[in-house]
Amino acid sequence: MLKIYICPHCFNIRMVSKKPNAVCLHCNQKLVECDIDYTKFTSMDEEERIKYRDRWRKTHEKSLLG
């Protein structure tokens, strides 16, 4: 099953299957699993995905930094 991951460094979103230690293809940082499932994510349009990413960043940025 595909899962949605996000990079805590550059906030790139990636769909990954069977790879719990996935890394970002842009900056090579370890990815963090998102709290959204594949079906929901793929049904979103680009604007909704950007809003999701921005909300995730605001919610998790402080805790991931430190």
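Note that the structure is a prediction, hence the values are computed from the model and not measured.
- Applying the side-chain contact (heavy atoms from CB on, under 4.5 Å) criterion to Asn28, with sequence neighbours excluded, gives Val23.
- Taking the side-chain hydrogen bond (donor to acceptor under 3.5 Å, both in side chains) definition, one finds that Glu46 meets it with nothing, sequence neighbours left out.
- Taking the side-chain contact (heavy atoms from CB on, under 4.5 Å) definition, one finds that Arg53 meets it with Ile6, Phe11, Ile13, Ile50, sequence neighbours left out.
- A search for side-chain hydrogen bond (donor to acceptor under 3.5 Å, both in side chains) contacts involving His26 returns Asn12, not counting sequence neighbours.
- Tyr5 belongs to a hydrophobic cluster whose other members, connected by ILVMFWY side-chain contacts under 4.5 Å either directly or through intermediates, are Val16, Leu31.
- Residues passing the side-chain hydrogen bond (donor to acceptor under 3.5 Å, both in side chains) test with Asp35 are Tyr52, sequence neighbours excluded.
- Contacts of Lys30 classified as salt bridge (Lys or Arg N to Asp or Glu O under 4.0 Å), with partners at least two apart in sequence or in another chain: none.
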Under 3.5 Å, which donor-acceptor pairs link side chains of residues 36-44 to any protein atom two or more places apart or in another chain?
residue : atom : partner : partner atom : Å
Asp37   : OD1  : Thr39   : N            : 3.3
Asp37   : OD1  : Lys40   : N            : 2.8
Thr42   : OG1  : Tyr38   : O            : 3.0
Thr42   : OG1  : Thr39   : O            : 3.1
Ser43   : OG   : Thr39   : O            : 3.4
Ser43   : OG   : Lys40   : O            : 2.8

